[in-house]
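Both ligands and their constituent atoms are indexed starting at 1 by order of listing.
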Amino acid sequence: MRHFLTLEDITTDELTTLLDRADEHRRDRKMRETLKHQTVVILLEKASTRTRLSFEVGAYELGARPSTLISAHTQLGRGEPIEDTAKMLSGYAHAVVYRTFGHERVTKMAEASSIPVINALTDEYHPCQLLADMQTIRAEFGRLEGLRVAWIGDGNNMAHSWMLAAARGGFSLAIASPEGYDVDANILAKARALGAEIHLTRDPREAASGADVVTTDVWASMGQEEEQAIREKAFDGFIVDDALMRDAKSESIFLHCLPAHRGEEVSASVMDSAQSRVWAEAENRLHAQKALLELLAGGL
Ligand code: CP
Ligand code: NVA
């Protein structure tokens, strides 16, 4: 069974096909029937606005019925094993979109499932977001290959997915993180082995220098809320503000997966600037995920 747990699960050629199809969906938002009469289960163990809605609307616009389960209201949330949940869902639905904590949980779900499982964010990865981000970059620059992306901030799930995206998309990635908040060494090694060109630094200005794309994320991810105060200290100086954007190319764009904290990881002036593409990026979640659903469950 074909799953989408990380960007390793699609080839560069498939990525191009998927992004082309996502562009088609963006250009023409008509109702389609590529997933006619199917059911897509969206199972959430963490909060979500964009991911939930984009999969719900996307499934609907492809002719499928989305069914969203909030884990706390399910037996999974009361301790029913993931494997039992996976087998049961396989009997009802045609795809499962699963947001959870440890990545091993989505892997377990996939291993026990006979329908496609899509990673809707784990502590380690957020691959669906990167599909939308790459669609947004392509819309801006017409390509991914050869571009320079700067990641400013936490070595988190988004940073890890950017590393694998660099391998699949052929752009280079400069990552500036404070000490103690580095990307995972194993994922870094994996991305480099897949061909990603990744430069690590402690200096946000060095990372942003000459970048085509500057991107960041919250300093405390979901599940790390009680570390907020200590992280605010550690990330002092890692804000993406106007001064940092001046180090990037003049035609550079700013991306953020959202939700954003203006005045923490990004200044309001950058978030709401002419260089910001965050709203197109958020909308592209819908188009890219429709293409992903078609690739996995609809025969793209
Ligand atoms: N970017 C993103 O995944 O947003 P949500 O947490 O709202 O789904
Ligand atoms: N790194 C963030 C991304 C949210 C979409 C988190 O995991 O909370």
Sub-4.0 Å atoms of ligand 2 with respect to non-hydrogen atoms of [X]:
X: Asn156; result: 1 (N)
X: Asn157; result: 1 (N), 2 (C), 6 (C), 7 (O)
X: Leu258; result: 5 (C)
X: Met222; result: 6 (C), 7 (O), 8 (O)

Q.
If you measure every N or O of His126 against every N or O of ligand 2, does any of those distances drop under 3.5 Å?
A. no

Q: Answer yes or no: does an N/O atom from Ser221 fall short of 3.5 Å to an N/O atom of ligand 2?
A: yes

Q: Mark up the atoms of ligand 1 that fall under 4.0 Å of a heavy atom belonging to Arg285, in ascending order.
A: 1 (N), 2 (C), 3 (O)

Q. Going by the order shown, which atoms of ligand 1 are within less than 4.0 Å of some heavy atom of Thr49?
A. 5 (P), 7 (O), 8 (O)

Q. Quick one: nearest non-hydrogen protein atom to atom 3 (C) of ligand 2, plus distance?
A. Asp217 OD2, 3.6 Å

Q: Identify the protein heavy atom lying closest to atom 6 (O) of ligand 1, giving its residue, its atom name and the separation to 0.1 Å.
A: Arg99 NH1, 2.9 Å

Q.
Given His126, Arg50, Met158, identify the one with the heavy atom nearest to atom 4 (O) of ligand 1.
A. Arg50

Q) Do Arg277 and Glu281 sit within salt-bridge range, that is, some charged N less than 4.0 Å from a carboxylate O? A) no

Q) So does Glu14 pair up with Arg2, basic N to acidic O under 4.0 Å? A) yes

Q) Arg202 and Ser177: which non-hydrogen atoms are nearest, and at how many Å? A) NH1-O, 2.9 Å

Q: Provide the closest heavy-atom pair for Met109 versus Thr85 in the form atom of the first, atom of the second, distance.
A: CE-CG2, 4.4 Å

Q | Heavy-atom donor-acceptor pair, Thr39 side chain to Ala93 backbone, under 3.5 Å | A | no

Q) What residue among His103, His160, Lys46, Arg99 forms side chain to side chain donor-acceptor pair (under 3.5 Å) with Thr122? A) His103

Q. So which of Asp133, Asn284, Asp20 actually passes side chain to side chain donor-acceptor pair (under 3.5 Å) with Arg138?
A. Asp20

Q) Can you find an N or O of Leu121 that's nearer than 3.5 Å to an N or O of ligand 1? A) no

Q. So is Arg52 polar-close to ligand 1, meaning N/O to N/O under 3.5 Å?
A. no

**Q.** Side chain proximity check, Asn157 to Ser221, heavy atoms < 4.5 angstrom
**A.** yes

Q | Trp162 and Trp151 aromatic ring geometry - parallel, tilted or perpendicular at 30°/60° bounds | A | tilted

Q.
Between Leu130 and Met158, is the side chain to side chain contact (heavy atoms under 4.5 Å, CB included) condition met? List the steps.
A. CA-CA 8 Å; Leu130 262 295; Met158 279 297 300; 3.6 Å; yes

(Q) Please work out, at 4.0 Å between heavy atoms, whether the side chain, the backbone, both, or neither of Leu121 comes within that distance of ligand 2. (A) side chain

Q.
Please confirm whether Leu258 approaches ligand 1 to less than 4.0 Å, judged on its heavy atoms.
A. yes

